[in-house]
**Q** 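Mind having a look at this structure? Questions to follow.
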Amino acid sequence: MKPLLAQIKTWIEQEQFNVLPKSPIGKAMTYFINQYPKLEAIFEDGRIELDNNLIENAIRPMAIGRKNYLFCGSHKAAQNAAMLYSFFGSCKMQKINPREWLEDTLKRIPDHSIQKLDELLPGYQENITL
C-alpha cells in the first residue's frame, strides 16, 4: 500500500502544475500534498487510526448534553451538569459503574484530603465494573 501511495504522490507532484490551483482538482491535489505526511504516518505506525469515528461516537452524548446545558437554569447548574457528564463519560470509558463510583465518592469525599482529590476521579480507585 505504501509504494502505491508514494506513486500517487509523485504523480500529483508532477501533474499539479498542469491544472489551475483554484480548480476543484487543483485544490484536491494541494490538499493531498499538504496532508501526505499525516497519511504516511498512518502506514508507518499501525496504532494511528485513519479516522476519529471512535472518539466522535464516544463524545456524542456529551455533545448532545451541551445543547441541554442551555436549559439548566443557571450558569453554575450548567457547569455542574457538564462536570457530571465528564465524570460519567470517564466511568464509561474505563468500564466503571457510574452509580457505584458516585456513591463511593460521595461517601469518601468528606474525610478526603483536598490535596488528593484526584484519587476520587474515575479510574484512580479499584475499578467497579459495569
Side-chain angles (χ1 to χ4, degrees):
M1 183 58 116
K2 196 171 176 184
L4 179 60
L5 196 62
Q7 287 178 343
I8 293 170
K9 180 182 181 231
T10 303
W11 180 83
I12 288 176
E13 287 172 336
Q14 294 168 353
E15 294 297 318
Q16 75 181 33
F17 300 108
N18 296 331
V19 299
L20 294 172
K22 302 262 183 194
S23 70
I25 191 71
K27 289 178 182 178
M29 289 176 159
T30 301
Y31 180 81
F32 180 87
I33 295 297
N34 291 340
Q35 298 301 315
Y36 184 79
K38 296 174 190 170
L39 188 59
E40 191 174 41
I42 291 168
F43 291 100
E44 290 174 0
D45 187 348
R47 297 172 297 171
I48 300 174
E49 294 285 334
L50 184 58
D51 58 40
N52 64 349
N53 289 343
L54 291 175
I55 297 299
E56 287 187 7
N57 289 339
I59 65 170
R60 184 169 289 118
M62 287 182 257
I64 291 169
R66 272 197 313 256
K67 292 181 182 178
N68 295 336
Y69 302 152
L70 297 171
F71 304 102
C72 285
S74 70
H75 182 70
K76 183 67 176 164
Q79 286 178 324
N80 291 339
M83 249 189 324
L84 288 174
Y85 268 95
S86 179
F87 289 144
F88 295 155
S90 294
C91 285
K92 184 177 179 182
M93 286 179 65
Q94 297 178 45
K95 295 183 175 36
I96 296 172
N97 184 315
R99 181 184 177 134
E100 291 178 14
W101 168 81
L102 185 58
E103 285 176 7
D104 179 63
T105 301
L106 291 175
K107 288 176 191 170
R108 293 172 52 198
I109 203 165
D111 300 323
H112 206 80
S113 167
I114 196 162
Q115 310 315 10
K116 298 180 180 180
L117 286 180
D118 60 336
E119 293 175 357
L120 298 175
L121 294 172
Y124 278 84
Q125 61 185 357
E126 183 180 324
N127 284 354
I128 303 168
T129 54
L130 291 172

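Any value given below was found using the heavy atoms of this structure, including those in side chains, with hydrogens, waters and symmetry copies removed.
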**Q** Run the side chain to side chain contact (heavy atoms under 4.5 Å, CB included) test on Gln14 and Thr10 for me, step by step, so that the C-alpha distance in whole Å, both residues' side-chain angles and the decisive distance to 0.1 Å come before the verdict.
**A** CA-CA 6 Å; Gln14 294 168 353; Thr10 303; 3.7 Å; yes
**Q** How far does CD1 of Ile96 sit from CG of Leu121, to the nearest 0.5 angstrom?
**A** 10.0 Å
**Q** Roughly how far, to the nearest 0.5 Å, is the CG atom of Leu102 from the CG atom of Leu120?
**A** 11.0 Å
**Q** For residues Tyr36 and Ile12, determine if any side-chain heavy atom of one lies less than 4.5 Å from a side-chain heavy atom of the other.
**A** no
**Q** State the CZ-CG distance between Phe32 and Leu5, to the nearest 0.5 angstrom.
**A** 5.0 Å
**Q** Might you point out which heavy atoms bring Ile33 and Glu13 nearest each other, and give the distance in Å?
**A** CD1-CG, 3.6 Å
**Q** Please check if Tyr31 and Leu20 belong to a single hydrophobic cluster, counting links between Ile, Leu, Val, Met, Phe, Trp and Tyr side chain heavy atoms closer than 4.5 Å.
**A** no
**Q** Say you draw a straight line from NZ of Lys92 to CG of Asn97; how long is it, rounded to the nearest 0.5 Å?
**A** 13.0 Å
**Q** Which atoms form the tightest heavy-atom contact between Glu15 and Met29, and what is the distance?
**A** CB-CE, 3.9 Å
**Q** Which atom pair, heavy atoms only, marks the closest approach of Lys22 to Lys27?
**A** O-CE, 3.2 Å
**Q** For Leu106 and Pro110, which heavy atoms make the closest approach, and how far apart are they?
**A** O-CD, 3.4 Å
**Q** Should Lys107 and Glu103 count as an ion pair when the cut-off is N to O under 4.0 Å?
**A** no
**Q** Are Phe17 and Trp11 grouped together when hydrophobic residues (ILVMFWY) are joined by side-chain heavy atoms under 4.5 angstrom apart?
**A** no
**Q** Provide the closest heavy-atom pair for Cys91 versus Pro98 in the form atom of the first, atom of the second, distance.
**A** SG-CA, 3.9 Å
**Q** Does Ile48 belong to the same Ile/Leu/Val/Met/Phe/Trp/Tyr cluster as Phe43, with side-chain heavy atoms less than 4.5 Å apart forming each link?
**A** yes
**Q** Taking Ala82's backbone N and O only, do any of them form a donor-acceptor pair with Ser86's side chain (distance below 3.5 Å, no angle check)?
**A** no
**Q** Specify whether Trp101 and Phe87 have parallel, tilted or perpendicular ring planes, treating 30° as the upper limit for parallel and 60° as the lower limit for perpendicular.
**A** tilted
**Q** Is the shortest heavy-atom distance from the side chain of Leu50 to the side chain of Leu39 under 4.5 Å?
**A** yes
